[in-house]
Amino acid sequence: MEPEVYRQMGLTDTEFEKIKEILGRAPNYVEVGLFAVMWSEHCGYKHSRPVLQLLPTEAPWVLQGPGENAGIIDIGDGQAVVFKIESHNHPSAIEPFQGAATGVGGIVRDIFAMGARPIAILDSLRFGPLDDPRNRYLMQGVVAGIAFYGNCLGLPTVAGEVYFDPSYSGNPLVNAMAVGIIDQKDIRRGHAAGVGNAAMLVGARTGRDGIHGATFASEELGEASEERRPSVQVGDPFREKLLIEACLDIIKEDLIIGMQDMGAAGLTSSSCEMAARAGTGMEIDVALVPRREEGMTAYEVLLSESQERMLLVPKQGAEARIKAICQHWGLEAVIIGRVTGDGFLRIKEGGQVVAAVPARALTDQCPVYQVERRLPFYLDDLQNRDLSRLPEPADYGQVLRRLLASPNLASKEWVYRQYDYMVRTDTVAGPGGDAAVLRVKGTGKGLALTVDGNGRYSYLDPEAGGAIAVAEAARNLSCVGARPLGITDCLNFGNPEKPEVAWQFYQAVTGMSRACRVLQTPVTGGNVSFYNETEGEAIYPTPVVGMVGLIPDIEKRCGMGWGQEGDVLILVGVTLPEIGGSEYLAVVHGLVAGRPPSLNLEREAAVQETVRQAIASGLVTAAHDCAEGGLAVALAESALAGTVGAVVELAGDLRPDYLLFSESQSRVVLAVPPAARERVLALAREKGVPAAVIGRCGGEQLIVKINGCPMFNLGRGEMEQIWRQSIPALMAR
Amino acid sequence: MLLARIYVTFKPGVLDPQGEAVAGGLKAMGYGGITSVRVGKYLEVQLDLDDRDRAGQQVEEMCRRLLANPVIEEYRYTLEEPAGASREARP
Amino acid sequence: MLLARIYVTFKPGVLDPQGEAVAGGLKAMGYGGITSVRVGKYLEVQLDLDDRDRAGQQVEEMCRRLLANPVIEEYRYTLEEPAGASREARP
Amino acid sequence: MKFGVIVFPGSNCDQDVYHAIGSVLCQPIDSLWHGATDVSGYDCLVLPGGFSYGDYLRAGAIARFAPIMPAVIDFARAGGLVLGICNGFQILLEAGLLPGAMRRNDCLQFRCQWTYLKVENNTTPFTGRFHAGQVLRVPIAHGEGNYYADAETLAELERKHQVVFRYCTPTGEVTPAANPNGSVGNIAGIINQEGNILGLMPHPERCAEEILGGTDGRELFASLVDWWQRGDCLGA
Ligand SMILES: Nc1ncnc2c1ncn2[C@@H]1O[C@H](COP(=O)(O)OP(=O)(O)O)[C@@H](O)[C@H]1O
Ligand SMILES: [Mg+2]
């Protein structure tokens, strides 16, 4: 075989040699294709696997950690929550609408592959600045695509995040998370156990969609990728809705051993992964696969990424019943092969064997690369920039207005009003709060969901950025009264073969890992997206954390809006002079520099514990964490989310801009009725957490004074106007 | 005045869920013998131009930039005087 | 085998929000002289029929019953042999 | 009072309706698969929201030909109570059980938000618990809710008080700014002349419990139950 052939598919010479060694012979063309996709970065995790080992994955309540289609966490009463996040960055850069839509479709399939009923979607998005029409086009398409797919499925998209930064121009990030719920007895895993059992393909016909999509996702975007782009997959949410119902009926009747969706690398990955997990083999006849197009080769059928397909391993004798259920839902179900005992993935076309490789060679023997890690040269200079000599703003009201208008902080309603976030009638708190809250019908419980990440922090210090992503997600859950239980993460980075990116990646995972341990939120799964670069420029390293929490009694939940005149505002936590990496620094001083805020995880845990206990004891009427934009923006957000303003009196010897806009971690503003004030302060003392009364709710204005000196006085109406109109106005350009 | 009639369809091979659903619907309604349905867009654009060449160029460009998504769609169009003759162009 | 090409458009007088948006978009992109844009649907239906009259009847009926909504839309279609000549019909 | 909620392939609010009527109002309710052809024994049929057949071609267009629809049409023509919510409303329009048609929202985007509705007719079986002019708070979630009827039909709808709900401001003014989708006359819901078939775009089943942010929707369902319990007869 000419080296060009396998190189074109993305394999290196040494990888090719290793394949020959494994097989004891030269692979044929189809086999090279199998190895090429399965050993791609996207499927093989060859640059991330050793580093991911650093993440804690266990806790008594974790029923399924990484390695399956999705993670599972026990929520009591025999129920569990199933969740996972995934990136669809590259497809969305090429075709934003379909790219984002099929991203949603894929992650939802991971949830019901475990046997769970999908109940919600979250999305984490990054674009370049909206003054560039290309970025507006991308955002418009991505949001419409998510809406198209999620709404049609009848799944509420309940939370998410959107940030804008030039580093994402040309390489937007589209991470979608799905959440499901399951009775623990119904849990199925992607195992092809039981030699002789059938392998069934259910759902859409196979076309030439996205052949080599996985390889494509493992390359940098550039001129050439325009040419080499695989034919884009088009999503059919209607079919997926039918697929969900059919698969759940099949689970309910206990007809299968395992199932798996066909995502990246399609039939190839689903078959070899299911076999490898069970220690079995699989034999598949591609001639039996229903096609959408004529003249497809075995190679194309194996690598097609046509959407809305599942691979099922039925219990013996259940095939006919499965077909009947599928027929009821208007879906095709076809036996395409069977489970074998020899550990081989054997592909036939008609009677003829066209490929035969050990299944585990594809999944477990993918080479792993330890790239030298090197501190990026930009860091030293950026981190040590002297920020103390920046001029103080003259008009703090104006600064707050500018921050509220900054697309990173402005209302994301333009996005989420396109999402049906209410369908299923479980959304008790939808987008707009610190975390979404879903009730679990038939119980008194609530689930809290959030997704968080700050690429700017990670750029300036990936270790801190990784840790803060976890801490902030947990804090958001704590603010609604939920106990954080576990995370799923999406690690979006540049080219991992570059030592600087390798360093960023390692650092970020280290930071996440540290935070996960202290906050007791193990990692149950996730996704790595490398090669997010355009013309050699990497995006900000962007670890994104999706987190699930539990509210034992949903009546004891909390929102962030102030609603009660006379409530006392208590700031839990302390403000430090930390404007590095802040939105204030970027918006007002045009700088992305300094060190991100420090994070003391023990303090963080204590603050969150205080907040949760105060909420659970019914002492709190509103809670909101201080995140991007600092205390001033947090106060404004609570005023806007509720119905009253406040008068706030801060004291201290920090510069006013630091006091107002520093993004120090581990801070939460609580609104409490006057009668609860002492109990909350006592609770904080007991937990060893600093807490201070900073003001009182009331009126239509947000008035903030420092050491008695008025800083700003803005009306809720004016702030709301600025905050709500910012993104719609930019998008209307 | 010129009238551009523009037809935007999925490229061959690209899944057309809408077409499949319509085909299914027609079959369920009892229409046999339908082997395939593809659904595309049809646009009528009225141009305040008389120069056919310039109009053609403009329409071509509009299709490429806005009306069709070249990643998954292809287009063709005709130009005609509101009353009369037509000419077909393919990209 | 016959190929029906079906064009579904809004009736005159029915406001076409998509057409307006496309017109706005084109203007914003600098295309002057666009007096109106209407967005409709274009369907290609492959029929396993050779009898043009029967096919015509069938297509006519499919349009009336499903493919167009007579409250807001009108339609026309052509029938052609996959290779060849075409014939236009208006309801 | 026995309800049936019809499940088309792609319906996705059927369970929500089931919950609101079955668990909140505690009325008997069955799910009816679109392949069924018999709807006898029900006092009210609900066509729920969702994306029947993906809403491909036009919302509701393909569902209108589902096997169950002839039975639904007979049931409706015989005076049975029929409620179409969102996609269900679209199906009723496509089926010709209600006049008019839906276009894409004028903003060309899907819209999920709370809206205010002015009750224009409180003498229907669906609105007895409301007073005329009352302002309700009910969410919408749709991409094709831009109601259209020609001038003549519209005039007739108005004359016969068939417009039941209009989008309005929180204080009940019917203004263009309160119109989320471009519907003619801010129309959110209409009823047939006989008064037994109601279609509306907003989702009453999404506001039938305090924990979901409102209970105006429950009152709509409760009105139906009141009506039925009184044994009122339509067209009498
Ligand atoms: N893409 C999105 N999809 C859905 N909801 C979103 C999206 N982006 C932002 N939101 C919602 O807007 C609110 C503000 O987002 P964000 O500023 O990221 O919150 P926080 O700082 O509390 O994490 C949150 O409730 C979030 O869920
Ligand atoms: Mg927050």
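Throughout, protein chains are lettered first and strands after them, A, B, ... in sequence-line order, and every chain is numbered starting at 1. Remember, it's a predicted structure, so these values are computed and weren't measured experimentally.
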Chemist: Quick check for you: to the nearest 0.5 Å, what is the distance between D:L57 atom CG and C:L43 atom CG?
Modeler: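 Reported to 0.5 Å precision, the distance equals 6.5 Å.
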
Chemist: Side chains of D:R58 and C:K41, heavy atoms from C-beta outward: is any pair under 4.5 Å?
Modeler: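 A side-chain contact exists here, since the closest heavy-atom pair is under 4.5 Å.
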
Chemist: With a 4.5 angstrom heavy-atom cut-off, could you sort out which part of D:L108 is near chain C: side chain, backbone, both or neither?
Modeler: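 Contact with chain C: side chain only.
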
Chemist: Does a side-chain heavy-atom distance below 4.5 Å link C:L15 with D:R103?
Modeler: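 With C-beta onward as the side chain, the pair touches.
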
Chemist: Shortest non-hydrogen contact from D:Y148 to C:V71?
Modeler: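 Taking every non-hydrogen atom into account, CE2-O, 4.0 Å.
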
Chemist: Less than 4.5 Å to any heavy atom of chain D: does that hold for the side chain of C:E73, its backbone, both, or neither?
Modeler: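 The answer is the side chain of C:E73.
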
Chemist: Starting at CG of C:D16, measure out to CG of D:D106 and round the result to the nearest 0.5 Å.
Modeler: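 One gets 12.0 Å once the value is rounded to the nearest 0.5 Å.
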
Chemist: At a heavy-atom separation under 4.5 Å, does D:I62 approach chain C through its side chain, its backbone, both, or neither?
Modeler: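 For D:I62, heavy atoms of backbone and side chain both lie under 4.5 Å from chain C.
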
Chemist: Kindly give the heavy-atom pair with the smallest separation between C:P17 and D:N146, and that separation in Å.
Modeler: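 The pair with the smallest heavy-atom distance is CG-ND2, 4.1 Å.
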
